[in-house]
Amino acid sequence: MPKGFFNVPIAKNEPVKSYAPGSPERQELKEMIKTLRSQEMIIPMQIGGKEVSTGKKVRIFPPHEIEHTLGYYFQGDDTHVSMAIDAALEARTEWANMAWQHRAAIFLKAADLLAGPYRSKLNAATMLGQSKNAFQAEIDAACELADFFRFGVKCMTDIYKMQPESASGMWNYNEFRPLEGFIFALTPFNFTSIAGNLPAAPAMMGNVCVWKPSKTAVYSAAVIMEIFKEAGLPDGVINLVFVSGPVAADVVMNHPEFAGIHFTGSTGVFQSIWKTIGENIYKYKSYPRIVGETGGKDFIFADNTADTTALATALVRGAFEYQGQKCSAASRVYIPESIWEPFWTEASKQLGEVKMGPPEDFTNFVNAVIDESSFDKLKSYIDAAKTDKDAEVIFGGKCDKTKGFFIEPTVILAHDPKYITMQEELFGPVVTIYKYADEKMDETLDLLDSTSIYALTGAVFSQNRYHIEKITKRLENCAGNFYINDKPTGAVVGQQPFGGARGSGTDDKAGSVFNFLRWTSIRTIKETFVPAQHFMYPSFLPDQD
């Protein structure tokens, strides 16, 4: 068969379509939404290329319209996790031995399927199943996932090019092997792209995976598996199971072939997983790779030179796009007293223009939160802030779950800089603001640094370059992704590698070469062309008299 050094297509970010009134993509998406709403999808697990059903069906419904049924998925148990592990291990040898360009071609095809024939289907599934509006679905489900696949192929080839120098008489080279065993991908509801990328990234490097999606994102996960299958991904490389987290963890993390976890979710769950892996470390054939992106308590810090209109816009977008259900969402804001009035005048004006409702109505900026437990948790914090002496609700605060899980964009003004909503991740459309005295900027930066366990994203708004430099340096450990005069959300694959440290994860930067390196085991080979013929070195020879 032909051999060669192959150049992959240049990776470019998928253009984001506008979905403006009258645009063909808007009409196509509306038709797809209508089609999906008109049917009830039955979703089996996908194990070893086979559809697996059980005796327990679970209803899927839109968070914004709880009476409507989108379909059902089959709930599995520990036996299905074991089946998925067996299927992955059975597929491993052939997949690992496949020439890299053929692995690359599968994911490049998947990207083109996403950008073309599956674009409206995956976007519509995300809108309906996860209550995400058209624009947010477009930048997530279609564009970012296509970017993950295309830039993933680039990362793979960049890694393969990482080769050592060779001295005269020898040849040194690195082999980047897949890990020995299987990878467990545990994925969240809030980004369809993350759900697709977490099993795909290890698979690109020749690994095999067991994938457990969030129970509230099964609807879109089924479409992703459909795309993988059409792209030509061999059976057993990625196996999709619908089981509870504890059930999956018990089987996966007691298996000797467990080679790594690719995780996005809560900090508490990730810490529990890490602890379990540590306790079971003697059981494994190799030390598992632990890669995770977890929570955030993301901040905006403004000084007294900030552009108040830009700052207000960043608050509205950063805190309330996708109902604040982004790990990068702005959830605590520090504003100097001297600019409070112009800032809040503009922010409250923009907030007053925000519409809330189902995503099928394209004019709705805010939709429903993901489920009832999230709704109840958020409502409890909002209700407390309405009566606590250390805080007040200055915008929004209404909550209604009669038809869907709707929570108004809510702004809390904290009188105590360490009020609970300044510290704890809420994961919803709630942002807390603290006003600080202008002359206490340094003390407030210290407060910001010490208030939260997280270090995912953050932003500074200032027109003073000395302040920008000072604040950026002072907060260097507070955020893995830091923004200057922009909202702390919206990282783009290939442009702003995403991930945080401290309580926010391992900072391995999804979609970057740093992440892909975690899914390889490097073997360095040295070949000597003319080997030595005797053990003696010149230094051992006696002096000549």
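Index from 1, following the sequence.
Only one option out of Ile224, Val241, Leu198, Ile183 pairs with Trp211 in a side chain to side chain contact (heavy atoms under 4.5 Å, CB included); it is Ile224. For the side chain to side chain contact (heavy atoms under 4.5 Å, CB included) criterion with Val291, the lone passing option out of Thr264, Thr506, Ile261 is Thr506. Of the candidates Glu138, Gln27, Glu28, Glu138 is the only one forming a side chain to side chain contact (heavy atoms under 4.5 Å, CB included) with Tyr19.
For the pair Ser220 (side chain) and Thr192 (backbone), a donor-acceptor distance under 3.5 Å is absent. In this structure, Asn364 contributes its side chain and Asn367 its backbone to no donor-acceptor pair below 3.5 Å. For Ser38 (side chain) and Thr35 (main-chain N/O), a donor-acceptor pair under 3.5 Å exists by modelled atom type. Counting only distance, with no hydrogens or angles, the side chain of Asp507 and the backbone of Ala501 share no donor-acceptor pair below 3.5 Å. Proximity of a side-chain donor or acceptor of Glu293 to a complementary backbone N or O of Gly505 within less than 3.5 Å is not detected. Within the 3.5 Å criterion, the main-chain N or O of Glu408 finds a donor-acceptor partner in the side chain of Thr410. Under a 3.5 Å cut-off, the side chain of Ser504 and the backbone N or O of Gly295 do form a donor-acceptor pair. The closest donor-acceptor contact from the side chain of Asn13 to the backbone of Val493 lies under 3.5 Å. Under the 3.5 Å distance criterion, the side-chain polar atoms of Asn481 are left unmatched by any main-chain donor or acceptor of Pro488. The backbone N or O of Ala115 lies less than 3.5 Å from a partner atom in the side chain of Arg119, making a donor-acceptor pair.
Between Leu29 and Ala124, the shortest heavy-atom distance links the atoms CD1-N, 3.8 Å. Nearest heavy atoms, Arg289 versus Leu517: NH1-O, 3.8 Å. Shortest non-hydrogen contact noted between Cys209 and Pro199 is SG-O, 3.3 Å. In this structure, Asn197 and Ala510 approach most closely via the heavy-atom pair ND2-CB, 4.3 Å. The shortest non-hydrogen separation linking Val243 to Ala248 is CG2-CB, 3.6 Å. Residues Leu240 and Met45 share a closest heavy-atom pair of O-CB, 3.3 Å.
A side-chain donor from one of His262 and Asn515 sits under 3.5 Å from a side-chain acceptor of the other. Side-chain N/O atoms of Asp140 and Ser193 include a donor and acceptor closer than 3.5 Å. Between the side chains of Lys326 and Ser328, no donor-acceptor pair of N or O atoms lies under 3.5 Å. Looking only at atom types and distance, the side chain of Tyr483 has no donor-acceptor partner in the side chain of Gln496 under 3.5 Å away.
Put simply, the side chain of Asp235 reaches to within 4.5 Å of the side chain of Lys229, judged on heavy atoms. At a threshold of 4.5 Å between non-hydrogen side-chain atoms, the residues Phe189 and Ser374 do not count as touching. A heavy-atom distance below 4.5 Å is not found between the side chains of Trp344 and Ile335. Counting only heavy atoms from C-beta outward, the side chains of Ile273 and Phe184 never approach each other to under 4.5 Å. In this structure the side chain of Asp158 never reaches within 4.5 angstrom of the side chain of Phe516, judged on heavy atoms. Side chains of Glu360 and His64 form a contact here, defined as non-hydrogen atoms less than 4.5 Å apart. The closest side-chain heavy-atom distance from Phe61 to Thr69 is not below 4.5 Å. Between Ser214 and Pro188, every side-chain heavy-atom pair lies at or beyond the 4.5 Å cut-off.
Listed by chain and number, the residues in a ring pair (Phe, Tyr, Trp, His ring centres under 6.0 Å) with Phe242 are Tyr73 (sequence neighbours excluded). Asp400 meets the salt bridge (charged side-chain N to carboxylate O under 4.0 Å, His left out) test with no other residue; sequence neighbours excluded. Residues forming a side-chain contact (heavy atoms from CB on, under 4.5 Å) with Glu425 (at least two apart in sequence, or on another chain): Phe427, Tyr454. Scanning for ring pair (Phe, Tyr, Trp, His ring centres under 6.0 Å) contacts around Phe228 gives Phe149, with sequence neighbours left out. With sequence neighbours excluded, no residue forms a ring pair (Phe, Tyr, Trp, His ring centres under 6.0 Å) with Phe151. Checked against ring pair (Phe, Tyr, Trp, His ring centres under 6.0 Å), Phe263 has the following partners two or more places apart in sequence or in another chain: Phe270.
Judged by the 6.0 Å distance and 45° axis criteria, Lys509 is not positioned over the aromatic ring of Phe514. Geometrically, Lys132 engages Phe191 in a cation-pi contact defined by less than 6.0 Å to the ring centre and at most 45° from the axis.
Between the NZ atom in Lys154 and the CD1 atom in Ile159 there is a gap of 10.5 Å [rounded to 0.5 Å]. For the atom pair Arg150 CZ and Leu114 CG, the distance stands at 8.5 Å (nearest 0.5 Å). To the nearest 0.5 Å, the span separating CH2 on Trp519 from CE on Met204 amounts to 13.0 Å. To the nearest 0.5 Å, the span separating CD1 on Ile227 from CE on Met225 amounts to 11.0 Å. Atoms CG and CG, on Asn123 and Leu128 in that order, are 11.0 Å from each other to the nearest 0.5 Å. Separation of atoms OG (Ser131) and CD (Gln136) is listed at 11.5 Å; rounding is to 0.5 Å.
Atom NZ of Lys215 has 12 or fewer neighbouring heavy atoms from other residues, nucleotides or ligands inside a 6.0 Å radius. Residue-environment remark: CZ (Phe176) exceeds the threshold of 12 foreign heavy atoms within 6.0 Å. Atom CD of Glu94 has 12 or fewer heavy atoms from other residues, nucleotides or ligands within 6.0 Å. By the 6.0 Å contact criterion, CD on Glu353 is enclosed, its count of non-hydrogen atoms from other residues, nucleotides or ligands being greater than 12. Heavy atoms from other residues, nucleotides or ligands lying under 6.0 Å from NZ of Lys34 number 12 at most. Within 6.0 Å of atom CZ in Arg26, more than 12 heavy atoms from other residues, nucleotides or ligands are found, so the atom counts as buried in its surroundings.
Salt bridge Arg37/Glu65: present, at least one basic N to carboxylate O contact under 4.0 Å.
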Give the intermediate values and the outcome of side-chain hydrogen bond (donor to acceptor under 3.5 Å, both in side chains) for residues Lys56 and Thr54.
CA-CA 5 Å; Lys56 184 179 180 181; Thr54 69; over 6 Å; no
Does the side chain to side chain contact (heavy atoms under 4.5 Å, CB included) test come out yes or no for Tyr219 and Ile43, once each step is laid out?
CA-CA 8 Å; Tyr219 197 63; Ile43 304 175; 4.1 Å; yes
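In this structure, Trp95 and Phe107 have perpendicular ring planes: the angle between them is above 60°, well past the 30° mark.
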